Structures are given as C-alpha cells and as structure tokens.
Asks: 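Just dropping this structure here.
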Amino acid sequence: MEFAELIKTPRADNVVLHRPFHLAVEGTLCLTGHHLIFSSRRQDNAEELWLLHSNIDSIEKRFVGSLGTIVIKCKDLRIIQLDIPGMEECLNIASSIEVLSTLDSVTLMYPFFYRPMFEVLEDGWSSFLLEQEFELLSSVTNEWRLSCVNKEFSVCPSYPPVVIVPKSIDDEALRKVALFRHGGRFPVLSYYHKKNGMAMLRSSQPLTGTNGRRCKEDEKLVNSTLRSGRRGFVIDTRPLAVAQQARAKGGGFEQEVHYPQWRRIHKCIERFNILQESFIKLVEACNDQSHNMDRWLSKLEASNWLTHIKELLTAACLAAQCIDREGASVLVHGSEGTDSTLQVTSLAQIILDPRCRTIRGFEGLVVREWLQAGHPFQQRCAQSAYSNSKQKWEAPVFLLFLECVWQIHRQFPCSFEFNEQFLIMLFEHAYASQFGTFLGNNENERAKLKLPQKTMSLWSWVNRPEELSRFQNPLYEANSLVIWPSVAPQSLQLWEGVFLRWNRPSRFLEEAEEERINIIKYNKELQAKVNALRRQLAEMETDEEVLEE
Amino acid sequence: QVEQVKLLDRFSTSNKSLTGTLYLTATHLLFIDSSQRETWILHHHIAAVEKLPLTTSGCPLVIQCKNFRIVHFVVPRERDCHDIYNSLLQLSRTAKYEELYAFSYNPKQNESEQVKGWQLIDLAEEYKRMGVPNDYWQLSDANRDYKICETYPRELYVPRTASKPIIVGSSKFRSKGRFPVLSYYHKNKEAAICRCSQPLSGFSARCLEDEHMLQAISKANPSNRYMYVMDTRPKLNAMANRAAGKGYENEDNYSNIRFQFVGIENIHVMRSSLQKLLEVSGTRGLSVNDFLSGLENSGWLRHIKAVLDAAVFLAKAIAVESASVLVHCSDGWDRTSQVCSLGALLLDSYYRTIRGFMVLIEKDWISFGHKFSDRCCQLDGDPKEISPVFTQFLESVWNLTEQFPQAFEYNEAFLLQIHEHVHSCQFGNFLGNCQKEREELKLKEKTYSLWPFLLAEQKKYQNPLYNPDFSPELTLLEPNTVSFNFKFWRNMYHQFDRSMHPRQSMFNLIMNTSEQNKQLEEDIKELEAKIKQRSGQSDVVHVKKQEQMAHPAPVALKSPPCFQKEQPPVPVNDSVRTIEGSNTADNRYSELVSEFSKAEPAVVSLEYGVARMTC
C-alpha cells in the first residue's frame, strides 16, 4: 500500500494552530505517511510541530462556513485544534488522519520506516538479555537454571525463549506444569532477594477447574523455592470471589490441601475496561477547567484512579514485605498473569532492589517484567483516554505502573537515578513511538515481525549520553535500602506531570525545577573547587617545608 | 509525673506504642519515652482533652492541639488519668490574659532589646513605603483616642477630602464604627484598597456622610472614576443582615460604585468545615475515596478557593482597571482581613519577603483588629467565636507558594511557625482582639514580640529557590485558581504525623545544599586569599633564602599549615538523606510478623495489609 493514496491533500496553507496556554499560530500543515507537520515561518517565532499519526487517539471535525476545524486528541493526552480554510481540504485532511492513525498492520507503523539520525553506540535490542541477568544470579546462588524449554514458543506463546526456573525442575516437568497453568505460563523466577535468598515467582492461575485438578509437578516446582520448614505466600491479585468464579471457566487458585506450605492472600487489582474507564474519567475531569471545587473532587473520586494506585502500591508493598520482612518466598499471579501480576512483581522490585532505581536497572526491569514477560503492549496501548471504541483489551496497565513508580519517587526523591521526565517519556513511547520496542504483544510476535532487525530499539536512543542527561535526577544518591512508601491517601497525589501537563501553564514550575538543579550542580562545582584549592594550598605548604629543610 | 504511660501511634491499628513518663509543668506537658525522646506540648496549644472508656491496658487520653497535633496516651491507672485530665483542663483554659505564657516567658532579652523588638515593624514606615501620605491621602487623627472605633488602630489613613464630620458620620453608619479606611495604596496605579464593615442600611436607610466617604475614596483615585465595593459575603447572608438593620450598599445611593458579592462563608461555616476536614484526615485506614469525598464534603478547599478568588478579583481591579476597591464583610475583621491582605500580597512583591510578610500581618490582621484572642481561643470563652480564619489566610499563601515557587522569600516552615505562635500565646503580638486591648494589657512592656525571634533564625525560613527578580516590584501575581490547583495541605494538618511525609525531603536537601553553597563560597574566598598570601610570601621567602642561606627560616612559616583547621564542609548529605521509615526499627511493616503467625484460617485476609502498617 502506498501512503500517497491515502493523502489526498498533502499540504494546506494558512492553517491556524490553537493550543491551550499558547497564542494561536498561523502556518502550513503537511501530511506525510507517518507525521502531521505544522510549521509557521513567522520571522519572530518560527516553530514546527511534528505529530506522529500513531499518537492520535481521536479526531473531531466541524465547520463554520467554509472554515473547517479539526480537534486532535493525542495519546499523550494533549489536545490541539487546527483551523483549515477550505471545506474540501479540511475533509481530506481529516479523513487521511483518521486512516493513517488507525492503520491495522503493524508493519506499516513508523518504526519500520524510521531511520535514526544518530550513531548507534549500543544496540538496545541486545542490551538486556536474560542470560546476563542469569549470570549475575549465578554468582550468588546455584539454585536456579536457565531453561530453553520455550525456545520455539511452543510451551508458552507469551513467554520469552529462555526463562529462569528452579534447578531441580527439568524441562519435562515444566511442560507438564505449563499445561496446568493458564496460557502455559508456568511459575518462573521474577526476582531473587539476595539479602535473604528469597524468591518472587510469577505465573498465571492454575487450571484447577471445578473438580479441583492438581498437578504434582506444579506443586513440586513452587515448593522447591521454599526453605525447609518455611512457608511461602501466594499473592492472588483477584478477590477470593473472582478467583472462585474462575474455576467455573477452568481456572482457579492453589488449594490449601495441595499447597499446605503456602498461604494465599487475595488482593483486588482491577483490570481491563474498569481501568480504561477510570483513565477516561480522570482525563475528562482534568480537562474541564470549569469544574467548581466540589465537582472536581467528586469527579476525581468517581474516576477511582487514585484508589487503583493505592491498591496496587499496597499489593506491591505486601509482596515486598513477605520477601524482605517475613523471609518467605512469594508467588504472584492473577488470571492470565500478564497484567496485574506484572504490576505487582515489578513494583515490588522497585521497593526491594536498589538496582531497579537506576536508569539502566529500570530499563532492564521494563524489559524483563513487561516486554519479555509478555505484557500485551500493542493491545493495551492501542488507544488512550480519548478513544471511543470500547475494546475489551485496552487498559492503562503500564501507565498505572509508571504512576506508582512516580508516587514512590515523590516519597524518595533522592533514591532514583532517573527523573519524572524519564517516566513520562516511557509513557509516551508505550503509546506511540518511532522505536520498535513496544510493538507486538510478546517476544513471539516480536520475533515474527523481526523487530530487532527492522526497527530501532528505544534503548539505543535513550542510553546515548546526550539523551540520558535529560533523564537524570540530580538529587540521586545510591540508596541500598528497601524503600517503603506510605500508601495513606494523604500521601498520594495526582500525577500532574501527565494529567495536568497540557492543562495549566507550567513555566514557573519548570523554572523552579531548573533552579533546584542549578543549586545542586553549583554545589558540586563549589565542592570540586574547594578541594582543588585545598590541594593547592597543601602542596604549597609542603613545597615550603621542603624548601625550609 | 506519671510513669509507664504509653504513647500510641495515631494511625497504627495495632497497639504499638512508646512507653515513657509524662510530666506536667506550669506551661507544658512533657512526655519522655524510654529512648529519651521528648515530646513537648504547650498547654495553650491544647484544644481539647478527651478521656476514652477504660481498656485492659489502661485509661486512654486523647489530646488535640491547635497546631493539629493529636496525641493518644494510655495511662495505666484510672486515677492518674483522671488527675491528668483535670489538670490539663484547668491548665489549658486560661481566664485572664495575665496568666498566658507570654507574660511569664523570658527569652533573656534585656529591656532595650525588648523595646527594639517591638519597634521592628513600624506601620507608619510601611504607609510611607506605599506612598502615603500624599496629595490624595492623609493621616487622620480622628481615632487617636479610640473614640470613633475601638477596634481600629489609632492611626488611620483616609482621603484628604474626607473631613472629620464625614468620618464621624460614616462611622456611625457602619457596624462597630468601622468606617472606610486605607489598607493598601498602589502607587503606580494610584488606586487604593480600603476596608470597612457593613453599612447599617437595613432596608432603606442612607447616610450622606457615608456616601460622601465613598465618593472621597473614588475621587482620591485620579486614574479611575468608578470604584468597586466588594462585599465578601454570600449575597443571601448579606440580605439576611438587612433585617437586623445592617446590610450592604445600595448602588443607587452611591455614585460611581460597582457593587460585587464574592461569597466567602462566615466564621461558623469555616469552623465546622475545618472540623469535618480533621475528622476525615484523622480516620484510621482511610480509603482514597473516603478521603476525597470527605475533603469534598468538608468544603474546606472550596472555601480556600473562594478566598483566593476574591483576592484575585481585588488585585485585578487595582492592577488592570486602576480602580480603587472598598472591601467589607460583616464586621470587617475576618473575611475583609483575608481578602485585603491576600490582594496586597498579589499586588506587591514586598509582602512576599520575610519582613514584608510580617508587616502585612501586623497591618491587615493585628492592627485592624482581627480578633485573634477570640478566633484562636486564647482565653476560655465562647466556642462559637473560634474560627480558622487566619489559618485559611496562611493556607492561601501556601497555595501561592506552590504555584510560584520562586516568588516568595519565605518557605512553608515560616508559615507553619507563624501558625504555631498565633496559638502558642508565647509572644505578645497576637494576644488580645485589638490594639486598644493590647495597649491596656501593656504587652510591649510585659511580653516580647515574635518577629525579632523569627528574623534571628531567618535561615530556617528562607526559600532557597527565591528569585528577587521574579516579579518586579509592583507586577501582579496571577495565580491559576482552577480547582485542580488546590491541594490538601498535608504539612499543616499532618505536620506531626511523620509517617505520611515523603521519606526523603527534597525541600530539606535543597535548603541545606543552598546553605552549604554559601559556606563553600566563603571557604573558596578564604582559601584563595591564603593561597595568594602564601604565594606572595613564598616568593619573598625564596628570595630571602637565596640571599641569606645561613639564617634560620622565618618563624612565621613554622606555624601549622592553615588548611588543617579547615575541615571538609559539613557533610550535610548524610544527614539530609536519612530515610525515615526505612530502617528496621522505624518500619511498621514488621507488624505483619505477629499477624501472620496468629492468623491460621485457610485464607489470610489482609485487606489493609500494608496500608495499616504505613499510615
């Protein structure tokens, strides 16, 4: 297919761009296969706006006389308005945008066409291999092994080709366990707590069904992670009633009789359309400037967004607590084990593992616990808060995770190597990107699409020193402790950097942030200077002493 | 003194507690726990003491403080508890001003320091700074002996054209005699903020002198012929007041006025609003939705927004339209003080400095007779007079500091400290209800002023991000008052509930780093001077040495190398970056241990699992 066929009006002049808190600008609008480009050539204020079609969540058009207006709502929650003279041009442009922003085929997406303008120093596609992770693990314990049982994606289509499993469990057993777990997602190692040797496993629900099926290999697998005489905890992200209902559909949960060494804890972490609706309601509330206080607060409450944040943080803290404080191993799962499960295991690692609070460590976490673990990014992030389609599989699961990280970041502002911008950047790229990283729903699909060969990895770009410097937190000082956040409602805040980003002037806040950075930078300069002067003085004195002798 | 008293954690659902000894002194309640940590509570800060029903571990005693600290003691013996309870009730209720802490507080200042302290803020000086007296405004001696209005200060500024009969006439037509006077003068726009109380207009009464008074005010502004009259009350309240012979200005009777209601609720609504807010925020195991709906139902943020909206309206009238504004409510000492002071704060960057803020409080709150004694319940009095009007003012300012992080010289700690002392009765500034009363109490001789003490520890209250050039002297600060900008002020209402605060304080880090930077700059200067001196010396020495090899080296060079006395800069980083709640002892997640071992049912239900332990 040629993109040119879809673009009947590639260019329109005298278009006026409206954005909140900016003056309207007149300029030229161009459409390409993947971008909407607006450029104004005003002498005093030349500027260009490049918008990926894939970032467009919805588009509305209306006419007053022959002046057409297009309102574009983006997946990063920005809303812009374009006034286009000429009804035909406007209609053409609107319909092109509609088609181009909702292309079905992944291979037509921009990452397949994007040619980087920078030199690739390190191929991000091979920056975070599980093999490396395993090597680190092997240096502290030999209880685990790397299994290639899923090499052809035949045992579990949503797992990566290699996984880490208990050493005592052979591939044959893994195949049997896979049959007993939803989608073949048998328990694998998610995190190993070096401090006390406890492990966090993740899987999907066991297929016990109504007649209480059991699987000896599954029991053996999970039990092999326990110290003798010690207990483990199963954190089921569903409420008990939901887990019980799941049995009717062949799912279920670990029954006490078959898993006597495990205590099960049910949490309530919402998924799918409940989250998506919450997201839509929250964004609606934030976008309406006319709400009086009562209405704003009741809309904020009705969105339930902060409740989801609190539930999720609480569950993650619980998992972390079981591991670090109880000295117990933990198995986390919900139904499919691709959403709430990953939220909990990855957040628990943020709390427990100082490495995950570094930039590279966090990237590794996203790769391991989200991309390789088979979170269906393409489905979940197909549409954002402005979508009209009520597809069942869209949900801001990853955004919720990022926001929870942000909440912890707020409470421990010196313990993270990255800043808020880094989290916002990941949110943007998960929804629309020139990079192939978040395309596809699992490693299997990515391999079939040959993404590593055909597209650029986000990490290749982010990890270049120029880019990295934008995402560094100047306050960072490595903190090897476990960081326990407060989950009291008074301690949680709306993530203004995402939800109010386009809704209020932020200049003063940005300038203040810059000033903070300057104070820290200046401090480092002064320290260095004082040290240099001290050394100089000391040298002078020793010289003199030498002279004296 | 009572031993073996337990101090419970307010938000913990388990019975974790600190055991220690409780002491009652003449001024404070003191609790020393087993690790010798001290908790001091000033008796004047105690708002309420409550005895709860006896439990197995003893008799619980809950103390609520005006600075929003809530402590929960368990006293082992009921008799002791009863005694403490009674003592506290007596100690926290003072009948006479002379018994307040301020009269016994002795900060070891000599008399001249005390006098100087009281002279630190000079309002005459402040009016001069604003540019009055001038061609249009003059100092009136009408109230020199508090004859016209007891609750106003002696010195009042009025339009030159307002003669004494007009002033007297107008004051008779205004509630409590509080006739229109100048509160702030904007010298660039030549426009004024004036304040007064409601007119005694009833349904139809008029007063020519009062009409003249308003005309004099609008004529005192050469750049605009109309003026605004802002009634800060909701229209319904103002109308209801007419039945009692009070009310609001009839636009038909006054020439060139634009009348405007702004709808800030009265002290009673505010009092119950705060009460609701505290009830909600004090709930254990609070869910997000209960918190948000509680916040909404309390109406607290709505009130804060209303106050700030009114101030923005006022400031814009002056800065954009160059129109003078007369502000009043009922008596003109609560909402009027809020709106006038916030309006001035938006207009004039001087009030965003530490000293300027003190001046602002002295002017619009203390001198114009905001009834601090009644509103803060300094003496045992009518509970219906208590209202968090001044707290709302501080919260509005805090909101502005959040929106304009670089516009204010002072920080949140400054606002909190002022709030603390408005209720502490430790200094004389806020005692009493008006200037006349303060003079009668001889506060300037018998007590000390708070301001010099705050200035002395200025460092603590400085905003490290402050940029004096942020807004040139008289440019308007225009806050965004869309609802989502107003946040719950956790550091005020939970200032003593440390588990709710960020575990690492970015604010402290920046404060200390900025402080350290100043120290380092000094160090560099000193080092450079030494190096310069030394390199000069060593040249000399060098020459000398060559000349007189036989002579012993100059003595001066034998002194210890000077760099040794210079220790590396204070290791602020270590202290700053301490993480609260992240060491084992502090961490309440460990409470789960016992719960797990106790809980043996098939399904362990831990609904509040972590929340319980964190909050």
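Every value quoted in this text rests on a predicted model; they were computed, and no experiment measured them. The sequence lines fix the lettering, A, B, ..., with proteins before strands; numbering per chain opens at 1. When reading the values below, keep in mind they use all heavy atoms of this one structure, side chains included, and skip hydrogens, waters and symmetry mates.
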Asks: Which region of B:Arg490, side chain (C-beta onward) or backbone (N, CA, C, O), has a non-hydrogen atom less than 4.5 Å from a non-hydrogen atom of chain A, or is it both or neither?
Replies: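 Contact with chain A involves the side chain of B:Arg490 alone.
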Asks: Heavy-atom pairs under 4.5 Å with chain A are the metric here; pick the option from B:Leu301, B:Asn517, B:Asn297, B:Leu292 that has the most.
Replies: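 Highest number of heavy-atom pairs under 4.5 Å: B:Asn517.
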Asks: What part of B:Phe484 is in contact with chain A, defined as an atom under 4.5 angstrom from a non-hydrogen atom: side chain, backbone, both or neither?
Replies: both
Asks: Between B:Phe496 and B:His501, is the ring centre distance below 6.0 Å?
Replies: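 Between B:Phe496 and B:His501, the centre distance exceeds or equals 6.0 Å.
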Asks: Is it the backbone or the side chain of A:Leu494 that comes under 4.5 Å from a heavy atom of chain B, or both, or neither?
Replies: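 Contact with chain B: none, neither part.
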Asks: Out of B:Thr401, B:Asn467, B:Asn463, which one pairs with B:Gln406 under the side chain to side chain contact (heavy atoms under 4.5 Å, CB included) rule?
Replies: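 Among the candidates, only B:Asn467 passes.
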Asks: Testing B:Phe488, B:Phe291, B:Trp300 one by one against B:Val280 for a side chain to side chain contact (heavy atoms under 4.5 Å, CB included), which residue passes?
Replies: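 Among the candidates, only B:Phe291 passes.
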Asks: Select, from B:Arg302, B:Lys487, B:Lys305, the one with the greatest count of heavy-atom pairs under 4.5 Å involving chain A.
Replies: B:Arg302
Asks: Side chain, backbone, both or neither: which part of A:Glu513 has an atom under 4.5 Å from a heavy atom of chain B?
Replies: neither
Asks: Salt bridge between A:Asp236 and A:Lys267, side-chain N to carboxylate O under 4.0 Å?
Replies: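 Salt bridge absent between A:Asp236 and A:Lys267.
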Asks: Between B:Leu465, B:Asn289, B:Val482, which shows the greatest number of heavy-atom pairs under 4.5 Å with chain A?
Replies: B:Asn289
Asks: Which atoms of B:Asn480 are under 4.5 Å from chain A, going by heavy atoms: the side chain, the backbone, both sets, or neither?
Replies: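 Side chain only.
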Asks: Looking at A:Met293, A:Gln255, A:Gln289, which makes the most heavy-atom pairs under 4.5 Å with chain B?
Replies: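 Of the candidates given, the most pairs with chain B belong to A:Met293.
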Asks: Is the distance from the ring center of A:Trp305 to that of A:Phe499 below 6.0 Å?
Replies: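 Centroid separation for A:Trp305 and A:Phe499: below 6.0 Å.
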Asks: Are the side chains of A:Ile519 and B:Pro464 in contact, using a 4.5 Å heavy-atom criterion?
Replies: yes
Asks: Nearest 0.5 Å, what's the CD-CG distance between A:Gln536 and B:Leu527?
Replies: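 If we round to the nearest 0.5 Å, A:Gln536:CD and B:Leu527:CG are 9.5 Å apart.
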Asks: Check whether B:Asp497 gets within reach of chain A through its side chain, its backbone, both or neither, counting any heavy atom under 4.5 Å.
Replies: neither
Asks: I'd like to check the side-chain contact (heavy atoms from CB on, under 4.5 Å) partners of A:Lys529; sequence neighbours left out, ordered by chain and number.
Replies: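 Testing A:Lys529 for side-chain contact (heavy atoms from CB on, under 4.5 Å), a comparison that skips the adjacent residues, returns A:Leu533, B:Ile524, B:Glu528.
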Asks: Who wins among A:Glu511, A:Arg295, A:Gln493, A:Arg410 for the most heavy-atom pairs under 4.5 Å with chain B?
Replies: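 Top count of heavy-atom pairs under 4.5 Å with chain B: A:Glu511.
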Asks: Taking every non-hydrogen pair under 4.5 Å, which of A:Leu300, A:Val234, A:Thr307 racks up the most with chain B?
Replies: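 That would be A:Thr307.
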Asks: Heavy-atom pairs under 4.5 Å with chain B: which of A:Arg516, A:Arg504, A:Glu515 has the most?
Replies: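 If we count pairs closer than 4.5 Å to chain B, A:Arg516 comes out on top.
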Asks: Donor-acceptor check, side chain of B:Gln504 to backbone of A:Gln411, threshold 3.5 angstrom: yes or no?
Replies: no
Asks: Side chain from CB out, backbone as N, CA, C, O: work out which of these in A:Cys268 comes under 4.5 Å of a heavy atom of chain B, or both, or neither.
Replies: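 Neither part.
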Asks: If a pair satisfies ring-ring contact (aromatic ring centres under 6.0 Å, His included) and one of its residues is in residues 504-538 of chain A, list it, with sequence neighbours excluded.
Replies: A:Phe508-B:Phe404, A:Phe508-B:Phe470
Asks: Where on A:Asp324 is there a heavy atom nearer than 4.5 Å to chain B: the side chain, the backbone, both, or neither?
Replies: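 Contact with chain B involves no heavy atom of A:Asp324 at all.
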